[in-house]
Amino acid sequence: MTAIAVLGSTNMDLVAYVARAPGRGETVTGRELRTVPGGKGANQAVAAARAGGEVVMIGAVGTDEYGSRLRTELDHAGVNTELLHTVAGPSGTAHIVVDDDGANSIVVIPGANASVTTLGPGGRAAIAAAGLLLLQLELPMTVVTEGARTAKERGVRTILTPSPVQPLPEDLVDAVDLLIPNEHEAAELTGHRDPHAAAQLLLRLVPEVVITLGRKGCLYAARGGEPVLFPAPEVTAVDTTGAGDTFVGTLAVALGEGRSVPEAVAWASSAAAICVQRHGASTSMPYRSEIDAA
Ligand code: RIB
């Protein structure tokens, strides 16, 4: 089995469910508050482990009670947490509003994630020993770039989720094999709302791109090939939080098993479709048997 290294964030998600998200300066009354383990890195790690991957997580939690819950959640999912450091201070938190269409908006406070500024010998060794590296942008850019460069030197395939979206340094994108933005991130990175146009521009930076398009599915494009639009299964979403992370974690497992990109994308789309029908991030991620059954 190909090992997957995840260099990324852990956050406790504080999720407010409301009929409609408040506008600027507005107060609305919500229905319910849930506290759910999340963070883009941890979500991708949990999704990959539940899909059958062998996963090691590199990151940090704080010394607050969220920190131990975040670690336990990863341990329960079967993720190797030996390189998940505990640092003095609060864990990362995400303040999430989910509306009745299942759409969300998120504010992340990095907490312990901000302390992960370099890989250290353990992190470098874990990446070198992996077949795939998953990166997002909730850790400092210095360590994300160091992770990507380390992977490139060792011939490890790197997948980057450019979220929260921000300008991508050249030495980072040079080391990325597959970029997976959502449609908003793709538009922000390229200035083009049309995913086909955005994909062509992103292919100047990286060899392969998947732009996730929510209920419209996703667009896969590779240098020198025709772009392919994959439809999403039709489902009713109650909470889209973590759907992108589920897609990436599951896709990584399928690619690590040597499946073709179309097959891997179809499998990952089924996993994301299951995720959006449930509440929360890590809590909504499906197990391999559920994905296969779908
Ligand atoms: O991608 C979803 C995740 O983004 C949430 O779990 C939250 O922690 C934020 O990092």
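Owing to the predicted nature of the structure, the values given are computational and were not obtained by experimental measurement. When a ligand or atom number is given, it counts from 1 through the structure's own listing order.
- Considering only heavy atoms from C-beta on, Lys40 stays 4.5 Å or farther from Val108 through its side chain.
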Pick out the protein N or O atoms lying less than 3.5 Å from any N or O of ligand 1, and list each pair with its distance.
residue	atom	partner	partner atom	Å
ligand 1	1 (O)	Lys40	NZ	2.9
ligand 1	1 (O)	Asp245	OD2	2.7
ligand 1	4 (O)	Lys40	NZ	2.9
ligand 1	6 (O)	Asp13	OD1	3.4
ligand 1	6 (O)	Asp13	OD2	2.6
ligand 1	6 (O)	Gly39	N	3.1
ligand 1	6 (O)	Asn43	ND2	3.0
ligand 1	8 (O)	Asn11	ND2	3.1
ligand 1	8 (O)	Asp13	OD1	2.6
ligand 1	8 (O)	Gly39	N	2.9
ligand 1	10 (O)	Asn11	ND2	3.0
ligand 1	10 (O)	Glu138	OE1	2.9
ligand 1	10 (O)	Glu138	OE2	2.6

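- Side-chain N/O atoms of Thr81 and Asp75 include a donor and acceptor closer than 3.5 Å.
- With sequence neighbours left out, the side-chain contact (heavy atoms from CB on, under 4.5 Å) criterion links Arg157 to Leu132, Asp177, Glu208, Leu255.
- By the salt bridge (Lys or Arg N to Asp or Glu O under 4.0 Å) test, Arg259 is found to be paired with Glu257, residues two or more places apart in sequence or in another chain being considered.
- With sequence neighbours excluded, the residues forming a side-chain contact (heavy atoms from CB on, under 4.5 Å) with Pro207 are Arg223, listed by chain and number.
- Residue-environment remark: CZ (Arg31) exceeds the threshold of 12 foreign heavy atoms within 6.0 Å.
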